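All residue numbers in this chain count up from 1 along the given sequence. Everything numeric here is computed off the predicted structure, so don't read it as measured data.
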Amino acid sequence: MVARPSSVPAVRRFVDDALVGWGRLDLVDDVTLSASELATNATLHSGSTFFEVELSADDAAVRIAVVDRGAIPARTIANRGDVATSVEAVEDESMTGRGLFLVSALASAWGVEDLPGGTRVWAEFVTGTADYTPRAPQVRGAVAPLDDADVRVIELLGCPPDLLLAHDANLADIARELRLFGASHQDEEMVEAAEQVVEIVRLSAVAWNAARLVAKQGILDGRTQVDVAIASADPADLPRKVQVLRRAVGAAEAMMARGLLMTLPAPAPVQEWRDWVEGEMIEQATMDREPVRFSEWLAGRR
């Protein structure tokens with residue numbers, strides 16, 4: 001997730017969907033609220049370009065963690081959330097302090113860890129044990145953070161969420177059919193094309209999952225446009241990835257035209273959207289160009 005306030009609703013959607021899918025309905029409210037506070041903390045106060053959300057569960061508990069690449073030591077962060085002795089003390093705290101104080105009351109346990117590349121703030125929630133008593137954090141480690149200067153944020157402004165999700169669905173269909181065709185026809189070229197699609201999708205999965213969540217939330221909110229921010233840890237390699245994906249999709253579409261695949265080519269609006277996204281990703285990453293809104297790009301093209 002790019003460390004911006006607009007990412008926080010996507011974090012809530014991710015956590016809510018996962019807990020409902022896991023059948024942990026009793027913990028949805030507490031975990032979702034705590035996830036929002038941890039994401040807000042990383043966004044406003046870590047100094048990091050992006051953050052990652054980790055969510056896991058077993059029979060006994062659910063654990064949420066937010067990992068950033070900021071340089072603030074674990075002890076400093078933990079001190080912000082230390083248990084206040086009065087309501088007035090909580091009210092005097094910064095927004096971060098109030099957020100972490102809230103996490104300390106909702107979670108069964110929570111803590112902060114120094115990592116080689118930043119900081120992890122985590123919280124654990126055990127079914128049936130919530131008493132909302134604030135708890136002191138567990139603090140671990142003290143290591144030097146890494147520099148995230150190479151991370152580039154790609155902005156897709158005014159992105160139609162329905163086109164983003166249609167693009168995702170089309171890529172998934174293409175990859176699945178290419179694999180099946182290659183396996184059944186002993187066609188190494190098609191197998192390779194499928195693997196290229198899958199590999200590019202895998203390499204961009206972390207950043208693109210955030211974009212997908214923003215798009216889904218936008219549709220639920222009834223919006224026709226959303227602003228998507230994608231963190232790229234290797235911007236210099238983006239042009240190669242775009243070219244590889246374009247070639248693989250082109251090979252699949254040539255097979256569709258010959259009737260060899262059941263998947264249909266992406267509709268014209270999705271094709272136009274892909275052209276815009278490819279241009280934005282390459283030019284923002286390699287030329288440091290300002291982002292162009294989809295509607296403006298479309299008007300200029302036509």
Side-chain angles (χ1 to χ4, degrees), residues 1-46 48 50-68 81 95-96 98-111 120-132 134-135 156 159-169 172 201 204-231:
M1 297 283 185
V2 174
R4 296 183 179 178
S6 59
S7 296
V8 177
V11 172
R12 287 198 298 268
R13 171 57 49 192
F14 165 67
V15 173
D16 187 272
D17 287 350
L19 293 181
V20 170
W22 294 341
R24 310 302 285 268
L25 302 183
D26 57 321
L27 296 176
V28 168
D29 291 341
D30 290 352
V31 180
T32 302
L33 180 54
S34 296
S36 296
E37 297 300 336
L38 295 180
T40 299
N41 174 63
T43 295
L44 299 180
H45 302 282
S46 70
S48 178
F50 67 96
F51 63 88
E52 298 176 5
V53 179
E54 301 171 345
L55 186 65
S56 60
D58 56 28
D59 292 340
V62 170
R63 180 184 173 101
I64 179 80
V66 170
V67 180
D68 63 62
M95 183 65 71
T96 302
R98 286 199 295 270
L100 293 181
F101 179 83
L102 184 60
V103 172
S104 78
L106 294 174
S108 304
W110 75 288
R120 174 185 289 111
V121 186
W122 60 270
E124 188 171 271
F125 303 81
V126 177
T127 300
T129 64
D131 59 9
Y132 303 117
R135 294 169 173 80
L156 305 177
C159 176
D162 57 332
L163 296 184
L164 186 153
L165 296 178
H167 156 80
D168 265 12
V201 171
S204 60
V206 173
W208 200 251
N209 280 344
R212 187 181 300 111
L213 288 167
V214 171
K216 287 182 178 179
Q217 188 63 46
I219 288 177
L220 288 172
D221 294 341
R223 288 180 286 158
T224 58
Q225 297 181 9
V226 294
D227 291 343
V228 175
I230 302 171

How many angstroms lie between [atom1] in [X] and [atom2] in [Y], if you round to the nearest 0.5 Å?
| X | Y | atom1 | atom2 | value |
| --- | --- | --- | --- | --- |
| I230 | F50 | CD1 | CZ | 13.5 Å |
| Q225 | L156 | CD | CG | 12.5 Å |
| R13 | T32 | CZ | OG1 | 9.5 Å |
| N41 | S36 | CG | OG | 12.5 Å |
| D17 | Q217 | CG | CD | 8.5 Å |
| L33 | L106 | CG | CG | 5.5 Å |

When you measure from the side chain of [X] to the backbone N and O of [Y], does any donor-acceptor pair fall under 3.5 Å?
| X | Y | answer |
| --- | --- | --- |
| S48 | D68 | no |
| D58 | A60 | yes |
| W110 | R135 | yes |
| S104 | F101 | yes |

(message) If we check side-chain contact (heavy atoms from CB on, under 4.5 Å) with V15, which of these qualifies: V62, L27, I64?
(response)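 Among V62, L27, I64, the one meeting side-chain contact (heavy atoms from CB on, under 4.5 Å) with V15 is I64.
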State, to 0.1 Å, how close [X] and [Y] come at their nearest heavy-atom pair, and which atoms those are.
| X | Y | result |
| --- | --- | --- |
| W122 | A65 | CB-CB, 3.8 Å |
| M1 | L213 | CE-CD1, 3.6 Å |
| V28 | D16 | CG1-OD2, 3.3 Å |
| T43 | P5 | CG2-N, 3.3 Å |
| V103 | A123 | CG1-CB, 3.9 Å |
| A229 | V2 | O-CG2, 3.3 Å |

(request) Evaluate the side-chain contact (heavy atoms from CB on, under 4.5 Å) criterion for residues L55 and W22: first the C-alpha distance (whole Å), next the side-chain angles of each, then the deciding distance (0.1 Å), finally the verdict. (result) CA-CA 11 Å; L55 186 65; W22 294 341; 3.8 Å; yes
(request) Tell me, please, which residues at least two apart from A3 pass side-chain contact (heavy atoms from CB on, under 4.5 Å). (result)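 Residues passing side-chain contact (heavy atoms from CB on, under 4.5 Å) with A3: F51.
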(message) I'd like to check L25 versus V20 (side-chain heavy atoms, cut-off strictly below 4.5 Å). Are they in contact?
(response)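 Heavy-atom side-chain distance check passes, below 4.5 Å.
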(request) For residues L38 and L100, determine if any side-chain heavy atom of one lies less than 4.5 Å from a side-chain heavy atom of the other. (result)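 They are in contact (side-chain heavy atoms under 4.5 Å apart), so the answer is yes.
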